[in-house]
Amino acid sequence: MSDETLPEGASGGMHRFGQWISRRIVRLPYRVRIHGTERIPRTGPVVLVANHSSMADGPLLFGMIPRNAVFLIKQEMFRGPLGWFLRRIGQIGVRRGEPDRTPLLAAVRVLRAGGLVGVFPEGTRGDGDVANAQHGAAWLARASEAQVLPVACRGTRRPEGAGRRLLPRIDVLFGEPITLPTGKGRTGLVAATDAVRTELVELIAELDRLVADQDKDYSRGKRA
């Protein structure tokens, strides 16, 4: 993995250590099933877009990517020792709701160097169904001519009213990389953002069907 695909000030060794922590430690409280990792482009600029329903989404995904992965993370996380660690492993802080192009330009530099940047288009945690999408992911992909890799996650959010869960199951499905429409101006950006949201919504539905089918097969196996 080339360290050129990390932001300025990041350490390739620390980045790899962070991914090791994600794979070996962050996953410990969960039963994780990953589908479609063969669809992840191993080289070239990629904007990874995922639904977002829990703080666990980013740390878990970070360790699933078989290459350097730079995620856009809310600026509030960049405080104290954690902030130092996030910067050293190559993550980029963004201020939600503020017109700050600095982190986006840093992400574009990563992409133009052939890197992968992860974005949660909803901008904040929700139900994980991508009811809306902001323009950042589409803007990054269009500015860098990157492919977009949709990823669907289920199981990280505790259901309303549920107590503490023992080893909750999490399913992650990587979709096929896509190229966004190239229309000009704001109209083109809106169309590209709609394409990102549509891909994610369809992938989430595909994952829900996959999980339901696997659950049925498991139930039949127990009865057999």
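Count residues from 1 along the sequence.
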## Note on the structure
Applying ring-ring contact (aromatic ring centres under 6.0 Å, His included) to Phe174 and not counting sequence neighbours gives none
## Note on the structure
Contacts of Thr43 meeting side chain to side chain donor-acceptor pair (under 3.5 Å) (sequence neighbours excluded), chain-then-number -> none
Which donor-acceptor pairs under 3.5 Å do side chains of residues 79-88 form with protein atoms, sequence neighbours excluded?
{"residue": "Arg87", "atom": "NH1", "partner": "Gly83", "partner atom": "O", "Å": "3.3"}
{"residue": "Arg88", "atom": "NH1", "partner": "Gly9", "partner atom": "O", "Å": "3.0"}

Side chains of residues 180-191: which donor-acceptor partners sit under 3.5 Å, not counting sequence neighbours?
none

### Query
Below 4.5 Å, heavy atoms only, C-beta onward: do Met55 and Met77 meet side chain to side chain?
yes
### Query
Would Asp194 and Arg197 satisfy side-chain contact (heavy atoms from CB on, under 4.5 Å), going step by step from the backbone distance to the final call?
CA-CA 5 Å; Asp194 288 343; Arg197 180 180 175 276; 5.6 Å; no
### Task
Measure the spacing between CG of Asn51 and CG of Leu200 and express it to the nearest 0.5 Å.
6.5 Å
### Heavy-atom donor-acceptor pair, Gln91 side chain to Ile73 backbone, under 3.5 Å
no
### side-chain hydrogen bond (donor to acceptor under 3.5 Å, both in side chains) pairs, two or more places apart, involving residues 136-147
none
### Ser11 side chain to Met14 backbone, donor-acceptor under 3.5 Å
yes
### Message
Show me the pairs that pass salt bridge (charged side-chain N to carboxylate O under 4.0 Å, His left out) and involve residues 31-41, at least two apart or across chains.
### Response
Arg33-Asp171, Arg39-Glu176
### Query
Any donor and acceptor pair, going by atom type alone, linking the side chain of His135 with main-chain N or O of Ala192 inside 3.5 Å?
no
### Separation of Ile40 CD1 from Leu48 CG (nearest 0.5 Å)
7.5 Å
